[in-house]
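Below you'll find the structure, written out as structure tokens, and then a few comments.
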Protein chains: 2
Amino acid sequence: MAEQAEKLRRTPLSRDRILRAAVALADGAGIESLSMRNLAQELDVVPMALYKHVANKDELLDGMIDVVVGEIDPLTSGEGWQPAIRRRVLSARQMLRRHPWASLAIESRNMATPAVLGYLDSMIGALRAGGLSTDLTHHVMHALGSRILGFSQELFDAARQAGRSGPIAPQPPAPLPPEVALRFPHVAEIAAAASHDDGSVVGQGCDDQFEFEFALDLLLDGIERLREQGWTAPR
Amino acid sequence: MAEQAEKLRRTPLSRDRILRAAVALADGAGIESLSMRNLAQELDVVPMALYKHVANKDELLDGMIDVVVGEIDPLTSGEGWQPAIRRRVLSARQMLRRHPWASLAIESRNMATPAVLGYLDSMIGALRAGGLSTDLTHHVMHALGSRILGFSQELFDAARQAGRSGPIAPQPPAPLPPEVALRFPHVAEIAAAASHDDGSVVGQGCDDQFEFEFALDLLLDGIERLREQGWTAPR
DNA sequence: CACGGTAGGTGTACGCCGTACACCTGTCAA
DNA sequence: TTGACAGGTGTACGGCGTACACCTACCGTG
């Protein structure tokens with residue numbers, strides 16, 4: 001009968017199709033109306049069908065994040081580190097404007113997805129290649145923080161979490177798991193530098209307060225310089 | 001009987017008691033387990049009792065934000081603008097670390113609550129008093145953005161929204177409502193400067209792209225300066 | 001060709017959520 | 001004394017995420 005024919009004609013579900021539909025739904029109707037039920041309806045399928053392709057809603061969100069992070073332009077080479085980073089951050093910003101739900105989603109979830117780590121890894125690589133020391137690169141990543149993607153403090157925790165499952169527990173200072181270190185060498189390099197250069201202070205690997213003040217003073221000093229020079233709006 | 005006596009002994013509910021309990025619950029058990037039901041239980045009361053004091057859960061969250069923003073140290077005077085702002089931003093950061101749920105809550109809601117506007121207003125006032133032009137102050141607020149509270153672009157929209165109700169609609173470029181302008185003169189001053197200095201471009205009052213690049217370049221230039229100087233980590 | 005396993009879509013049900021609405025009760029002004 | 005009203009209660013509804021049992025179409029193997 002007709003119903004069966006329609007069933008057969010229907011393109012089958014797949015993780016990819018689900019993620020795309022979810023991104024489209026969040027873009028169009030707002031993240032707050034992205035429910036498993038609405039999404040299923042959009043795909044002409046019963047809600048529970050989705051669970052054959054994504055473990056649960058959190059994993060769905062992680063997948064969506066990977067999709068949109070994948071939209072960020074790759075790093076261009078053949079120019080200085082500054083224009084390259086600048087171009088890429090602006091590309092990330094455009095992505096965030098196409099998907100207004102994304103920055104909140106990224107901030108509210110841990111950032112351990114491979115796509116996000118890959119993005120950060122290549123960013124760190126560009127800074128290192130540009131001649132910044134591991135230390136400076138580390139602090140710069142914190143300083144750029146929210147402009148880069150909206151992340152704040154938990155880079156290394158997230159990297160350590162990668163590949164693990166279970167609830168997010170307060171992380172003891174531990175080295176990155178080796179498979180993470182291999183896939184994201186620049187992240188690993190920075191993490192290593194951060195964890196042995198703070199000498200006496202036990203563990204921790206990353207002094208949040210210092211990072212925060214570093215970025216704050218970078219801004220405040222730059223602002224004061226502009227003020228001294230009697231800065232006025234361009235145009 | 002005993003139940004009645006207990007009832008009488010119970011301190012009565014009040015908006016304030018509810019907000020404090022909600023903040024404590026979110027601090028202790030995480031924002032995800034702050035439900036009207038849990039909160040009511042904490043207060044030894046039936047869930048619907050809360051609705052006699054707060055309109056709904058969103059208003060509860062707004063109230064909680066006001067409570068924690070009220071914890072930020074006031075501006076100190078008698079020193080330069082830079083140390084004053086620095087001290088205050090660090091105080092805001094401490095508050096955000098005491099209440100880890102707050103930064104997400106603030107970012108995910110519009111910022112039109114009086115406490116938040118008051119905080120921003122005094123910050124703007126300090127910058128102006130420090131000798132920054134209205135333009136520069138405006139851009140600086142965007143540049144400090146996430147360090148100040150986690151807000152990103154929507155300052156003036158939020159201010160316009162203040163006192164209004166109903167769903168957040170895309171805001172046509174409109175002047176701030178007079179009662180807002182009176183209470184928060186520094187916000188108003190910056191808004192006015194932003195809306196007439198962009199000349200030909202119709203409306204808009206605030207060029208997001210420009211603001212973003214301003215802050216980004218402030219950071220990138222500062223970083224390049226450090227790199228040139230062969231920056232190494234302070235002891 | 002038969003057949004059993006398996007991948008993937010279905011249906012039902014549970015416990016949580018926010019909150020509308022009707023109700024009760026104690027207090028206080030007139 | 002009364003009656004309005006502020007404030008706590010109880011019930012109920014629709015939506016959510018998802019556990020679990022089921023059904024069915026396919027496919028590799030004998």
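Within every chain, numbering begins at 1; the chains are lettered A, B, ... in the order of the sequence lines, protein sequences first and strands thereafter.
Helical stems in DNA chain C, defined as runs of 3 or more consecutive Watson-Crick or G-U wobble pairs with donor-acceptor distances under 3.5 Å: C:1-30 with D:1-30.
Considering only heavy atoms from C-beta on, B/E211 comes within 4.5 Å of B/H138 through its side chain. Side-chain contact between B/M123 and B/H186 is absent, with no heavy atoms from C-beta onward closer than 4.5 Å. Using a 4.5 Å cut-off on side-chain heavy atoms (C-beta onward), A/L216 and B/L144 make contact.
Residues from residues 52-66 of chain A with heavy atoms under 4.0 angstrom of DNA chain D, sorted by number: A/N56, A/K57. Taken residue by residue, residues 23-34 of chain B places no heavy atom nearer than 4.0 Å to DNA chain D.
Atom CD of A/Q41 and atom C1' of D/dC16 are 14 Å apart (whole Å). Atom CD1 of B/I18 and atom P of D/dG7 are 11 Å apart (whole Å). If you measure from atom OH of B/Y51 to atom C1' of D/dA6, you get 19 Å, rounded to the nearest angstrom. Across the protein-nucleic acid pair, B/L39 atom CG and C/dC16 atom P stand 17 Å apart, rounded to whole Å.
Distance alone, capped at 3.5 Å, is enough to place a donor-acceptor pair between the B/S91 side chain and the B/D73 backbone.
Partners of A/R37 under the side chain to side chain contact (heavy atoms under 4.5 Å, CB included) rule, at least two apart in sequence or in another chain, are A/S35, A/P47. Every residue two or more places apart in sequence or in another chain was checked for a salt bridge (charged side-chain N to carboxylate O under 4.0 Å, His left out) with B/E42, and none qualifies. In terms of the salt bridge (charged side-chain N to carboxylate O under 4.0 Å, His left out) criterion, A/D27 has no residue partners (sequence neighbours excluded). The salt bridge (charged side-chain N to carboxylate O under 4.0 Å, His left out) check on A/E71 picks up A/R98, with sequence neighbours excluded. Under the rule for a side chain to side chain contact (heavy atoms under 4.5 Å, CB included), the partners of A/P185 that lie at least two apart in sequence or sit in another chain are A/D121.
Annotation: A/H142 is not in aromatic contact with A/F210 [ring centroid separation under 6.0 Å not met].
The salt bridge (charged side-chain N to carboxylate O under 4.0 Å, His left out) pairs that include a residue from residues 184-195 of chain A are A/R128-A/E189, where partners are two or more places apart or lie in different chains. Annotation: ring pair (Phe, Tyr, Trp, His ring centres under 6.0 Å) contacts involving residues 84-104 of chain A, sequence neighbours excluded, comprise A/H99-A/W101.
Nearest nucleotide to the B/N38 side chain, out of C/dC17, D/dT18, C/dT19: C/dC17.
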Can you check nucleotides 10-15 of chain D for protein contacts, nitrogen or oxygen pairs under 3.5 Å, and list what you find?
none

Under 3.5 Å donor-acceptor pairs involving side-chain atoms of residues 18-26 of chain B, not counting sequence neighbours:
unit_1 : atom_1 : unit_2 : atom_2 : d
B/R20  : NE     : B/D16  : OD2    : 2.8
B/R20  : NH2    : B/D16  : OD2    : 3.0

